[in-house]
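Throughout, protein chains are lettered first and strands after them, A, B, ... in sequence-line order, and every chain is numbered starting at 1. Only this structure's heavy atoms are used, side chains among them; waters, hydrogens and symmetry mates stay out.
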2 protein chains.
Amino acid sequence: MTRPTEALRPPTMADVAREAGVSHQTVSRVLSGHPNVRTTTRDQVTAAIERLGYRRNSAARALVTRRSRTIGVIAVDPTLYGPASTLAGLQEAARDEGYLVSTVTLRTGGGHALEDALDHLAAWGVEGAVAITPQRSSVQALARLTPPFPVVTVEGSHGLDIPGVSLDQELGARLVTEHLLATGHETVWHVAGPEDWLESAARTEGWRAVLEEHGIRPPRVLRGDWSPLSGYHAGQELAGLALAGRGAAPVTAAFVANDQMALGVLRALREAGIRTPRQVAVAGFDDIPEAGFFPPPLTTVRQDFTAIGRRSIQLLLEHIEGTAAGVEHIVVEPQLIVRASTRSQDGA
Amino acid sequence: MTRPTEALRPPTMADVAREAGVSHQTVSRVLSGHPNVRTTTRDQVTAAIERLGYRRNSAARALVTRRSRTIGVIAVDPTLYGPASTLAGLQEAARDEGYLVSTVTLRTGGGHALEDALDHLAAWGVEGAVAITPQRSSVQALARLTPPFPVVTVEGSHGLDIPGVSLDQELGARLVTEHLLATGHETVWHVAGPEDWLESAARTEGWRAVLEEHGIRPPRVLRGDWSPLSGYHAGQELAGLALAGRGAAPVTAAFVANDQMALGVLRALREAGIRTPRQVAVAGFDDIPEAGFFPPPLTTVRQDFTAIGRRSIQLLLEHIEGTAAGVEHIVVEPQLIVRASTRSQDGA
DNA sequence: CACTGGATTGTTAGCGCTCACACATGTCGG
DNA sequence: CCGACATGTGTGAGCGCTAACAATCCAGTG
């Protein structure tokens with residue numbers, strides 16, 4: 001009477017029930033921690049589970065409970081330090097809550113990529129999703145779409161009707177700019193990130209606001225694409241301006257929108273024979289692990305990516321459970337890290 | 001006769017069948033692209049699907065087909081450039097194959113972390129997993145465990161009975177070391193990564209082998225933990241040795257096991273007043289985006305992380321489909337990138 | 001001693017889908 | 001004109017689980 005396929009199939013709840021001499025429902029009760037099960041019965045079931053190496057079938061559970069216990073994450077370019085760190089924070093938080101995290105990465109934020117990603121997640125029945133899509137276009141796409149599950153954003157919900165978590169980018173930029181002005185600089189130049197990125201815009205905004213509050217007319221904004229190379233090009237331009245020494249806005253300090261570009265700027269300045277920070281002070285944003293070892297060590301703004309990841313999972317779960325109170329925007333505070341790149345070595 | 005819950009429940013295959021005036025089985029056939037369906041019928045069904053906004057329920061499918069179309073990935077510290085890039089490559093390849101990727105990240109590779117991660121994935125019924133666990137201990141743990149699904153490793157299956165994909169780390173180290181010797185250096189010092197990491201061991205091995213082939217007795221190995229700080233400490237030690245100028249092994253060239261540590265080394269050398277590459281040439285490994293902008297731009301070994309990710313998904317799918325021919329180890333070739341940090345500026 | 005009610009267990013009916021089959025048609029050669 | 005064969009389509013069962021209900025046991029009670 002032995003069925004030949006027996007060995008191939010993992011044990012089911014019915015198998016455990018038979019082994020323990022109870023009904024499958026009792027097994028289910030034990031597994032879900034139902035209180036009204038006699039201790040002796042519970043032990044028998046537990047032993048049978050152990051003996052058979054039984055595991056609950058998640059597909060069957062998901063089918064009947066209509067809950068997949070899976071969360072989707074959509075990330076643009078998770079190769080960058082920021083998104084990668086956020087992702088790690090998300091994973092950990094979700095796992096603690098008993099969720100599995102499924103990630104879809106986007107090369108670009110444009111076009112139908114986001115829609116396709118949401119579709120892909122929907123097809124697998126995720127209960128909700130976190131979108132790490134810091135580009136304006138992606139967020140707008142997100143606002144247009146109506147996926148069949150709640151979505152929260154990371155660094156992307158500014159002014160939109162989507163719940164989200166973000167670092168106070170503007171405050172970070174303010175801290176840097178104030179710091180540079182306090183160090184005695186007449187004005188602060190700015191190398192911004194790509195125009196399409198919200199983070200980029202917020203940092204530029206913070207910088208501009210501080211200058212204006214001090215009655216300083218903001219100099220022309222230089223622009224890069226987050227890459228070291230683009231920073232290098234911007235640095236060459238700054239070097240040219242510094243050496244030309246044009247009147248209105250002397251180049252003695254620059255706030256670069258991320259650390260990678262700052263590295264490029266530093267290199268360009270050095271190649272032009274300009275010393276940092278003596279002649280031009282430079283500050284970045286992100287505090288990547290390398291920042292403390294740049295030539296010179298870089299003043300920057302630290303983001304607590306782990307906290308951002310954790311808070312966004314919290315927020316998403318609230319929306320999944322339906323306990324969320326409206327459309328909330330959680331803001332995480334940045335921290336200024338002062339290093340040699342903005343410290344006048346001769347004690348100015 | 002309207003059921004009040006109707007609106008809450010997403011449409012099922014039966015709903016579509018009713019709408020299209022066919023049986024649920026015909027809907028299923030249309031969805032799975034079965035050839036024997038009349039074109040007119042197919043169109044009716046497609047239209048009904050469209051009208052109702054129907055999506056197949058993945059849980060129900062997984063239950064009956066015993067296939068979840070989900071792949072698990074276990075990654076240690078996905079904040080590092082290498083793992084993050086590999087992850088991105090994996091994601092993309094898996095998605096192209098119609099799989100969802102669920103990621104579990106480990107803070108440490110030690111203890112039961114790996115087992116827990118596999119458990120977590122098993123509980124969700126993944127069909128297979130890729131382990132990016134480059135530590136010796138994790139790989140050994142992996143070899144001990146017998147998860148209920150195939151597992152392939154990235155950078156971790158050396159000498160073990162587990163299929164995997166890895167870069168030829170040893171070849172990379174050989175290329176660097178040969179390059180440095182060819183530039184005229186009498187010997188090459190080495191700053192290694194953590195002892196527990198297989199990649200670290202392989203790079204050290206390649207370096208040692210080349211020196212021995214040239215009849216050079218390898219100098220003492222300095223050791224870091226991949227971080228810029230640890231590289232900085234190693235660099236200080238190197239600087240001390242260089243300035244002391246002890247007989248047997250002059251410090252004129254160093255092969256550092258990754259780019260981040262190389263940054264630390266460069267900084268320490270500069271602080272000690274040692275010029276790179278004139279007095280000491282430095283080379284790294286990984287080719288992180290910043291490497292080309294280090295002071296000076298870093299000679300390093302480029303890894304094609306995207307290819308590694310892609311190949312490992314291929315390999316895993318072969319094992320899932322059962323078409324795999326034994327335990328295969330795929331090796332990807334590295335590429336030497338020569339930059340200023342090893343070029344004698346005065347044309348030596 | 002039947003009667004109530006809580007604790008404990010079993011029974012039944014699906015969840016939404018795919019598979020194996022049965023049942024229609026239509027087409028063709030003998 | 002009938003069977004053999006292909007092409008379409010429908011029917012029933014069942015994947016492994018949970019939720020609702022039903023059934024049992026066993027005190028304590030009047």
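- Toward the 5′ end of DNA chain C lies the nearest nucleotide of V37(A), the other residue of the pair V37(A) and H24(A) mapping further downstream.
- Distances shorter than 4.0 Å separate some side-chain N or O of N36(B) from OP1 or OP2 on dG8(D).
- Atoms CZ and CG, on R42(B) and L31(B) in that order, are 10.5 Å from each other to the nearest 0.5 Å.
- Between the side chains of T70(B) and S102(B), no donor-acceptor pair of N or O atoms lies under 3.5 Å.
- In this structure, the CZ atom of R42(A) is 14 Å from the P atom of dA7(C), given to the nearest Å.
- Residue R9(B) places at least one side-chain N or O closer than 4.0 Å to OP1 or OP2 of dG16(C).
- To the nearest angstrom, C1' of dA19(D) lies 12 Å from NE2 of H34(A).
- One atom, CZ of R29(B), and another, P of dC21(C), lie 14 Å apart when rounded to the nearest Å.
- Rounded to whole Å, the distance from CG on N57(A) to C1' on dC17(C) is 13 Å.
- Counting heavy atoms from C-beta on, the side chains of R55(B) and D119(A) come closer than 4.5 Å.
- In terms of phosphate contacts, S28(A) brings no side-chain nitrogen or oxygen within less than 4.0 Å of OP1 or OP2 of dC17(D).
- Checking dC17(D), dG10(C), dC17(C) against the side-chain heavy atoms of T26(A) singles out dG10(C) as nearest.
- To the nearest 0.5 Å, atom CG of residue L52(B) and atom CZ of residue R18(B) are 9.0 Å apart.
- In terms of heavy-atom proximity, G309(A) sits nearest to L90(A) at O-CD2, 3.4 Å.
- Atom CD of Q44(B) is separated from atom C1' of dG8(D) by 13 Å (rounded to the nearest Å).
- In summary, the aromatic rings of Y81(A) and Y81(B) are positioned with their centroids too far apart to meet the 6.0 Å limit.
- Put simply, S23(B) has a side-chain N or O that comes within less than 4.0 Å of OP1 or OP2 on dG10(D).
- Atom CG in L31(B) sits about 12 Å away from atom C1' in dG16(C), given to the nearest Å.
- Taking every heavy atom of residues 60-70 of chain B and every atom of DNA chain D, pairs under 4.0 Å involve L63(B), V64(B), R66(B), by number.
- Rounded to an integer number of Å, the gap from CD of Q25(A) to C1' of dA7(C) is 15 Å.
- Between the CZ atom of R38(B) and the P atom of dT7(D) there is a distance of 13 Å, given to the nearest Å.
- Distance CZ/R311(A) to CG/L315(A): 9.0 Å, rounded to 0.5 Å.
- Within 4.0 Å (heavy atoms only), S32(A) reaches no atom of the nucleic acid at all.
- A sub-4.0 Å separation between OP1 or OP2 of dT18(D) and a side-chain N or O of R56(A) is present.
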